[in-house]
Asker: 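Mind having a look at this structure? Questions to follow.
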Protein chains: 2
Amino acid sequence: MVTIREIAQKTGYSTSTISRVLNHHPYVSAEKRAKILQVMAELDYRPNQLAQNLSRGASRNIGVIIPYVDNPFFEKMTNGIMARAFEFGYKVTLLPTNYNKQVELAYLEEFSAKAYDGLIITSKANPLKTILAYEKYGPLIFCEYVAEANVPCAYLDRSAALLQAFSYFKDHHCHQIGITVGRSEQISPSTQLTLKIAQQELPHFKLTHVVRDCTTEQDGQQAAKYFQQQPEINGILANGDEIAAGIIEGYSAKKPPLIVSQDNLLIGKFLHFSSIDQHPEQCGQQAFDLFKQGRQNKVMIPHKFIARS
Amino acid sequence: MVTIREIAQKTGYSTSTISRVLNHHPYVSAEKRAKILQVMAELDYRPNQLAQNLSRGASRNIGVIIPYVDNPFFEKMTNGIMARAFEFGYKVTLLPTNYNKQVELAYLEEFSAKAYDGLIITSKANPLKTILAYEKYGPLIFCEYVAEANVPCAYLDRSAALLQAFSYFKDHHCHQIGITVGRSEQISPSTQLTLKIAQQELPHFKLTHVVRDCTTEQDGQQAAKYFQQQPEINGILANGDEIAAGIIEGYSAKKPPLIVSQDNLLIGKFLHFSSIDQHPEQCGQQAFDLFKQGRQNKVMIPHKFIARS
DNA sequence: TTGTAGGCGTTATCAG
DNA sequence: CTGATAACGCCTACAA
């Protein structure tokens with residue numbers, strides 16, 4: 001492997017000078033620069049990034065903790081992060097947890113070992129306190145609301161989105177709604193919020209009308225079976241468009257009640273259900289910007305309700 | 001920052017011994033190991049991965065060159081790669097090119113600078129020769145067929161899939177088919193193959209029935225408008241399910257002809273068009289395995305035709 | 001402008 | 001089993 005030292009020998013200049021042309025520093029005579037570049041080309045010299053990383057103490061690489069890699073919502077979010085990262089010459093490493101605490105902890109340990117210059121957390125498996133303990137090792141940015149001061153986060157205005165969804169239901173005279181959620185309210189703040197607002201806005205809402213652990217189309221089908229056994233249900237809030245599609249399938253013969261979902265994928269357009277676009281790409285972009293600028297703000301991302309009925 | 005040397009000082013042992021317990025080497029007395037671990041915990045010592053990377057000459061990180069991050073086909077492929085990488089403790093960095101040659105070259109340069117232990121190329125912007133020039137810097141694995149011996153690749157049996165699609169058309173008496181493709185046949189081997197086989201299998205096929213540069217639902221709608229002006233067209237081969245959906249939209253009032261698409265997404269089930277599942281996840285998994293095992297085989301991934309009509 | 005020398009933190013070799 | 005010591009390849013004061 002050709003090193004900076006060999007270039008120094010062949011050219012007769014010092015390693016410092018070589019390093020300077022490598023880093024586009026000023027204060028190198030045009031003549032020397034030219035010769036050095038020439039010798040570099042001749043020997044096919046490649047600066048070793050691993051060495052550069054150690055020397056600089058950074059790798060221009062950020063980690064992104066996500067629950068699932070094949071989930072439309074998080075895919076959009078990571079796409080937003082990656083788009084910005086690309087602009088600024090950063091590399092992105094996706095860190096899927098499947099909401100496994102141990103796996104997430106392993107990533108946090110890597111982070112503390114300087115594997116990433118920063119860590120964006122789109123959704124967490126461990127309690128906030130556990131994660132914040134790693135703040136001392138470098139910048140941590142969240143893609144959900146975190147109340148603690150000085151903790152940067154870009155977050156979706158879930159409350160506003162839910163309020164709009166529920167008022168849509170009310171406008172259509174749907175007061176008994178079924179809800180599908182991902183993780184149960186015990187561990188997911190987002191589910192917690194959903195149910196809290198449902199109870200506030202819809203006095204007739206019952207917790208027995210909640211189907212938990214829905215992440216796929218199949219889960220949606222199962223949920224539909226359950227909902228059909230509750231004839232009073234006249235509206236459904238789904239936690240994703242693929243699940244909503246499954247619900248419609250599950251109703252098969254029967255006409256399903258009014259459905260509102262939350263991904264705004266193409267399929268919603270064809271199956272004619274309403275959807276909330278939470279703009280996860282924007283959230284990802286903002287999260288990266290917060291990292292890049294080293295700010296500790298909290299940035300809210302507005303949602304958009306797509307009514308179809 | 002606490003280093004291995006500080007641990008050595010506080011414990012009175014040598015850095016070698018510290019390094020040994022760090023790497024779970026044998027030949028360290030239980031007593032010393034215990035004391036070292038204790039001091040490490042006290043000082044909250046973190047091994048620095050950047051230093052380890054330099055010392056080992058590797059980073060357990062692989063790069064994956066993809067054209068787009070938000071394309072279902074390549075998302076599935078990268079999911080397959082990531083699943084395997086995760087199992088073996090590798091990190092994955094996604095490298096989107098948008099088929100820009102310069103961007104792709106920049107990634108190859110990074111690779112030659114040891115930024116990645118290996119590079120998986122799911123689809124390339126530059127000519128094969130250009131890319132193979134970087135083989136000397138480390139393992140290069142392709143996710144498409146590469147004829148050159150000793151170049152490892154996991155590839156989809158595109159020919160077989162296309163043959164089945166065309167015989168499906170013939171079975172349904174569709175001999176005048178329209179085709180949408182991504183990149184034009186001049187630059188995409190896959191498009192080239194598609195058109196070649198179309199000409200072989202369907203004597204009535206005309207190149208004027210090809211719509212190029214289709215990547216989105218909107219492109220599909222546009223294509224549909226064009227196809228409707230050619231009343232003789234009685235079958236359509238789409239290059240993706242979202243495009244197929246767009247085509248169906250584009251036909252709006254009119255009933256669209258028999259459609260076969262190529263992603264097998266959920267939407268195909270609802271819009272009732274046939275689709276070829278090329279199993280891109282499997283392709284990604286195999287590609288990673290080829291990297292991991294350092295083999296130079298060529299692995300074919302079988303497809304599956306999902307008939308709906 | 002340029003060069004010298006030390007440092008980044010860890011691993012590996014090789015004696016003992 | 002253990003410990004010096006030399007890599008790994010680059011960057012950067014500091015001095016000239």
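Reminder, nothing fancy here: chain letters follow the sequence lines and each chain counts from 1.
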Asker: Does B:T3 reach a base, just sugar-phosphate, or nothing at all? Heavy atoms under 4.0 Å.
Answerer: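 Sugar-phosphate contact only.
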
Asker: Write down the atom of B:V28, the atom of B:R20, and the distance for their closest heavy-atom approach.
Answerer: CG2-CB, 3.6 Å

Asker: Using heavy-atom distances to pick each residue's nearest nucleotide on DNA chain C, tell me which of A:S29 and B:L22 is more 5'.
Answerer: A:S29

Asker: Round to the nearest Å and state the distance from A:I36 atom CD1 to D:dC10 atom P.
Answerer: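 A:I36 atom CD1 is separated from D:dC10 atom P by 14 Å.
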
Asker: Side chain of B:R56 only, please: which of C:dG9, C:dT11, D:dG9 is the nearest?
Answerer: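 Closest of the options to the side chain of B:R56: C:dT11.
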
Asker: Distance from A:Q286 atom CD to A:I120 atom CD1, nearest 0.5 Å?
Answerer: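 Here the interatomic distance stands at 11.0 Å.
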
Asker: Of the options C:dT11, C:dG3, D:dC10, whose atoms approach the side-chain atoms of A:N48 most closely?
Answerer: D:dC10

Asker: What nucleotide, of D:dG9, C:dT4, C:dT10, holds the atom closest to the side chain of A:T15?
Answerer: C:dT4

Asker: Less than 4.5 Å apart, any side-chain heavy atom of A:V92 and any of B:L94?
Answerer: no

Asker: So, the side chain of B:N61 versus the backbone of B:Y116: is there a donor-acceptor pair under 3.5 Å, distance only?
Answerer: no

Asker: Among the candidates D:dG3, C:dT10, D:dT2, find the nucleotide nearest to the side-chain atoms of B:Y27.
Answerer: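 From the listed options, D:dT2 comes nearest.
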
Asker: Measure CD1/B:I4 against C1'/C:dG9 and give the value in whole Å, please.
Answerer: 7 Å

Asker: Quick one: A:Y45 OH to D:dG9 P, roughly how many Å, whole number?
Answerer: 10 Å

Asker: Within this structure, what is the CZ-to-P distance between B:R5 and D:dA7, rounded to whole angstrom?
Answerer: 15 Å

Asker: Between C:dT10 atom C1' and B:Q9 atom CD, what is the distance in whole Å?
Answerer: 16 Å

Asker: Looking only at the side chain of A:Q52 (C-beta and beyond, no hydrogens), which of the listed nucleotides D:dC10, C:dT2, D:dT2 gets closest?
Answerer: D:dC10

Asker: Output yes when a side-chain donor or acceptor of B:K298 lies under 3.5 Å from a complementary backbone atom of B:Y145, and no otherwise.
Answerer: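 Side chain of B:K298 to backbone of B:Y145: no pair is present.
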
Asker: So if I take every side-chain heavy atom of B:S14 and compare against C:dA12, D:dA4, C:dT11, which nucleotide ends up nearest?
Answerer: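 Per side-chain heavy atoms of B:S14, the pick is D:dA4.
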
Asker: Would the base of D:dA4 count as contacting B:S16 through its side chain, where contact means a donor and an acceptor less than 3.5 Å apart?
Answerer: yes

Asker: CE of A:M1 versus P of D:dC10: gap in Å, rounded?
Answerer: 8 Å

Asker: According to a strict under-4.0 Å criterion, is A:S19 in side-chain N/O contact with OP1 or OP2 of D:dC11?
Answerer: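 For D:dC11, OP1 or OP2 has a side-chain N or O of A:S19 closer than 4.0 Å.
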
Asker: Could you tell me how far apart A:L54 (CG) and D:dT12 (C1') are, to the nearest whole angstrom?
Answerer: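 Checked: the CG to C1' distance equals 14 Å.
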
Asker: Whole angstrom is fine here: how far is it from NZ in A:K32 over to P in C:dT1?
Answerer: 11 Å

Asker: Look at all strands and tell whether A:N23 reaches a base, only sugar-phosphate, or nothing, counting heavy atoms closer than 4.0 Å.
Answerer: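 Since only primed, P, OP1 and OP2 atoms lie under 4.0 Å of A:N23, the category is sugar-phosphate.
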
Asker: D:dG3 base to B:R20 side chain: any donor-acceptor pair below 3.5 Å?
Answerer: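 Check passes, donor-acceptor contact within cut-off.
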
Asker: Would you classify B:R33 as touching base, sugar-phosphate or nothing, given that sugar-phosphate means primed atoms plus P, OP1 and OP2, and contacts are heavy atoms under 4.0 Å?
Answerer: nothing

Asker: Report which part of the nucleic acid A:P26 touches: base, sugar-phosphate, or nothing (heavy-atom distance under 4.0 Å, all strands).
Answerer: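 Answer is nothing: A:P26 stays at 4.0 Å or more from every strand.
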
Asker: Is it true that the side chains of A:E109 and A:Y134 contain a donor and an acceptor less than 3.5 Å apart?
Answerer: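 Checked: A:E109/A:Y134 side chains pair up, N/O donor to acceptor below 3.5 Å.
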
Asker: Looking at the side chain of B:T17, which of C:dA12, C:dG3, D:dT2 is the nearest nucleotide?
Answerer: D:dT2

